[in-house]
Each structure stands twice: as C-alpha cells, then as structure tokens.
Engineer: 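I have a structure I would like to understand better, so I am pasting it below and will then ask my questions one at a time.
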Amino acid sequence: MNISSEQEMMEFGRGFAKKITKPAIIELVGDVGAGKTTFVRGLAEGLGIKEPITSPSFTISKSYALPGGGRLIHYDFYRLPEPGIMVDDLVENLNNNDNIIVIEWGESIKEVLPEKHIKIEIYYTEEGRTVKL
Ligand code: ADP
Ligand code: MG
C-alpha cells in the first residue's frame, strides 16, 4: 500500500486500530524516519487515546491507558542493543491479554516475541512510503 504523506500514515494507523482486538502485538520494521512512530500516533488516536504520543526512543517505552481498560505500550529498542532488564518488563506486558503492544526496532528482543504477531514493514519510495503487512 502506498502512503504519500504523514497525514495518510496517521489515517492508516487510525484505520488499523479498528481492525485489531486485544491482546495484540505489532512489530514495526523500517528505517529511521520511515514513519513507524507516526503510525503509532494514528493507531493511538483510533484506539481513543487522547494523550499526545511522543517517540519512546529515549525512554525505551511509553504506556497509555486504553479507554476500555488495559494499555497501549509503545517500545523503541533502537538505543538498547542489550535490552537486559527491559526484557522482563516487556515479557510481563506481553503476557497481559488486556494490552496492545507496539515495538520498534525489535531485533534484540525477538526471542521473547511470540511467533504469532502482526508485522508491518514500512519502506521509503519515490512517492513516499510503502507499507507491507
Ligand atoms: P520512525 O519512527 O520510523 O523513525 P517517524 O514517524 O518518527 O519515523 O518520522 C517520520 C517522519 O517522516 C515524520 O517527520 C513525517 O512527517 C515524515 N513523513 C513524510 N512523509 C511521510 C509518509 N508518507 N509517511 C510517514 N511519515 C512521513
Ligand atoms: Mg520511531
């Protein structure tokens, strides 16, 4: 699917929110600046979260209450090639069926990612971005 602007990526995220049910695990794959966090901003809006979503690249994780209970937890392991104690936090959250988990740069934690998860790949193209499910 072609996504030609930041607004379209947000819209894709909002639409995606309607298609998923808790529990959900989404792995986002794409280079720096591809639009992973932009997708999460749209997703959060679609899930009814009113708080602004900011990138967790410095804090590694950010967590938001979902209107119906449970949490949206957004991870970015880019700066954490050795996730260490964060793995325990991640596993605990992955085991809670009330959560929606989104992971950017999940290479270092792939051993704990359940095989059955949603993977979204975002590529740069001349027209903007291509999203592959
Ligand atoms: P990532 O989390 O993958 O590093 P971000 O979502 O933080 O990327 O940033 C993507 C940047 O690219 C934003 O500044 C956004 O405005 C810009 N952008 C331009 N075109 C697009 C597009 N088609 N889809 C998503 N983001 C886009
Ligand atoms: Mg990001």
Side-chain angles (χ1 to χ4, degrees):
M1 183 199 309
N2 188 64
I3 309 257
S4 59
S5 67
E6 179 177 15
Q7 286 67 34
E8 259 187 56
M9 185 62 86
M10 295 273 296
E11 189 51 42
F12 173 62
R14 281 191 288 267
F16 207 81
K18 310 297 174 210
K19 292 191 223 158
I20 57 171
T21 51
K22 295 187 288 187
I25 302 165
I26 304 172
E27 178 186 14
L28 298 177
V29 177
D31 285 337
V32 172
K36 302 180 295 297
T37 298
T38 305
F39 166 82
V40 180
R41 283 165 52 210
L43 181 78
E45 259 188 45
L47 292 169
I49 294 167
K50 305 279 188 244
E51 291 167 71
I53 275 44
T54 54
S55 178
S57 53
F58 288 94
T59 55
I60 314 301
S61 86
K62 287 204 170 155
S63 166
Y64 309 88
L66 290 166
R71 304 189 75 81
L72 169 70
I73 305 159
H74 181 192
Y75 289 94
D76 182 338
F77 291 105
Y78 187 68
R79 289 166 200 278
L80 210 61
E82 292 286 342
I85 198 168
M86 284 302 288
V87 174
D88 298 341
D89 168 86
L90 173 64
V91 168
E92 193 180 324
N93 287 326
L94 285 170
N95 286 332
N96 184 335
N97 287 341
D98 239 4
N99 287 336
I100 295 175
I101 313 270
V102 185
I103 299 169
E104 299 185 38
W105 300 105
E107 187 59 30
S108 63
I109 53 82
K110 64 170 187 262
E111 313 82 60
V112 302
L113 258 196
E115 203 174 310
K116 199 166 162 266
H117 69 270
I118 301 163
K119 184 170 173 178
I120 301 176
E121 296 170 62
I122 308 173
Y123 299 100
Y124 287 92
T125 63
E126 276 172 33
E127 295 81 30
R129 310 287 192 272
T130 289
V131 167
K132 196 179 137 212
L133 279 168

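Note that ligands are numbered from 1 as they come in the structure, with each ligand's atoms numbered from 1 the same way.
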Engineer: Considering the heavy atoms of Lys36, write down every atom of ligand 1 situated less than 4.0 Å from one of them.
Structural biologist: 1 (P), 2 (O), 3 (O), 4 (O), 6 (O), 8 (O)
Engineer: For atom 18 (N) of ligand 1, what's the nearest protein heavy atom and its distance?
Structural biologist: Arg129 NH2, 3.4 Å
Engineer: Nearest 0.5 Å, what's the CD-CG distance between Glu126 and Asn2?
Structural biologist: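 Answer for the CD-CG pair, Glu126 versus Asn2, is 11.0 Å.
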Engineer: Measuring only between side-chain heavy atoms, which start at C-beta, is Ile100 closer than 4.5 Å to Tyr64?
Structural biologist: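 SC-SC contact between Ile100 and Tyr64 ruled out.
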Engineer: How far is atom 4 (O) of ligand 1 from its nearest protein heavy atom, and which residue and atom name does that atom have?
Structural biologist: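 The answer is Gly33 N, 2.8 Å.
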Engineer: Could you give the distance from CZ (Phe12) to CD1 (Ile120), rounded to the nearest 0.5 Å?
Structural biologist: 5.0 Å
Engineer: What is the closest protein heavy atom to atom 14 (O) of ligand 1, and at what distance does it sit?
Structural biologist: Glu6 OE2, 5.0 Å
Engineer: Mind checking whether Ile122 contacts ligand 1 via backbone (N, CA, C, O), side chain (CB onward), both or neither, at a 4.0 Å heavy-atom cut-off?
Structural biologist: neither
Engineer: To the nearest 10°, what's the angle at the Mg ion (ligand 2) between atoms OE1 (Glu104) and OG1 (Thr37)?
Structural biologist: 100°
Engineer: Rounded to the nearest 0.5 Å, what separates atom CD1 in Ile60 from atom CG in Asp76?
Structural biologist: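 Ile60 CD1 to Asp76 CG: 7.0 Å, rounded to 0.5 Å.
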Engineer: With heavy atoms of Ser4 as the reference, note each atom of ligand 1 found under 4.0 Å away.
Structural biologist: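 What qualifies from ligand 1 is 23 (N).
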Engineer: Going by side chain to side chain contact (heavy atoms under 4.5 Å, CB included), Ile101 matches just one of Ile26, Asn96, Leu72, Leu94. Which one?
Structural biologist: Leu94
Engineer: How far is atom 25 (C) of ligand 1 from its nearest protein heavy atom, and which residue and atom is that?
Structural biologist: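 Nearest neighbour among protein heavy atoms for atom 25 (C) of ligand 1, to 0.1 Å: Met9 CB, 3.6 Å.
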Engineer: Would you indicate whether the side-chain heavy atoms of His117 and Ile103 approach each other to under 4.5 Å?
Structural biologist: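 SC-SC contact between Ile103 and His117 ruled out.
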Engineer: Ignoring hydrogens, tell whether any protein atom lies closer than 4.0 Å to atom 7 (O) of ligand 1; use the non-hydrogen atoms only.
Structural biologist: yes
Engineer: Which residue owns the protein heavy atom closest to atom 23 (N) of ligand 1, what's the atom, and how far is it?
Structural biologist: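 Ranking protein heavy atoms by distance from atom 23 (N) of ligand 1, first comes Ile3 O, 3.0 Å.
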Engineer: Please report, to 0.1 Å, the donor-acceptor pairs under 3.5 Å made by any side chain of residues 35-46, with sequence neighbours excluded.
Structural biologist:
| residue | atom | partner | partner atom | Å |
| --- | --- | --- | --- | --- |
| Lys36 | NZ | Gly30 | O | 2.8 |
| Lys36 | NZ | Asp31 | O | 2.9 |
| Thr37 | OG1 | Glu104 | OE1 | 3.3 |
| Thr37 | OG1 | Glu104 | OE2 | 2.7 |
| Arg41 | NH1 | Glu6 | OE2 | 3.1 |
| Glu45 | OE1 | Arg14 | NH1 | 2.9 |

Engineer: Regarding ligand 1, does Gly35 bring an N or O atom to under 3.5 Å of one of the ligand's N or O atoms?
Structural biologist: yes
Engineer: Is ligand 1 less than 4.0 angstrom away from at least one heavy atom of Gly30?
Structural biologist: no
Engineer: Please list, in number order, the atoms of ligand 1 under 4.0 Å from a heavy atom of Asp31.
Structural biologist: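 The atoms of ligand 1 under 4.0 Å from a heavy atom of Asp31 are 3 (O).
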Engineer: Can you tell me how far apart NE2 (His74) and OG1 (Thr59) are? Round to the nearest 0.5 Å.
Structural biologist: 9.0 Å
Engineer: With heavy atoms of Val32 as the reference, note each atom of ligand 1 found under 4.0 Å away.
Structural biologist: 4 (O)
Engineer: Flag Ala34 as yes when one of its N or O atoms lies below 3.5 Å from any N or O atom of ligand 1, and as no otherwise.
Structural biologist: yes
Engineer: For atom 5 (P) of ligand 1, what is the closest protein heavy atom, and at what distance to 0.1 Å?
Structural biologist: Thr38 OG1, 3.7 Å
Engineer: Applying a heavy-atom cut-off of 4.0 Å, say which part of Ser55 lies close to ligand 1: side chain, backbone, both or neither.
Structural biologist: neither
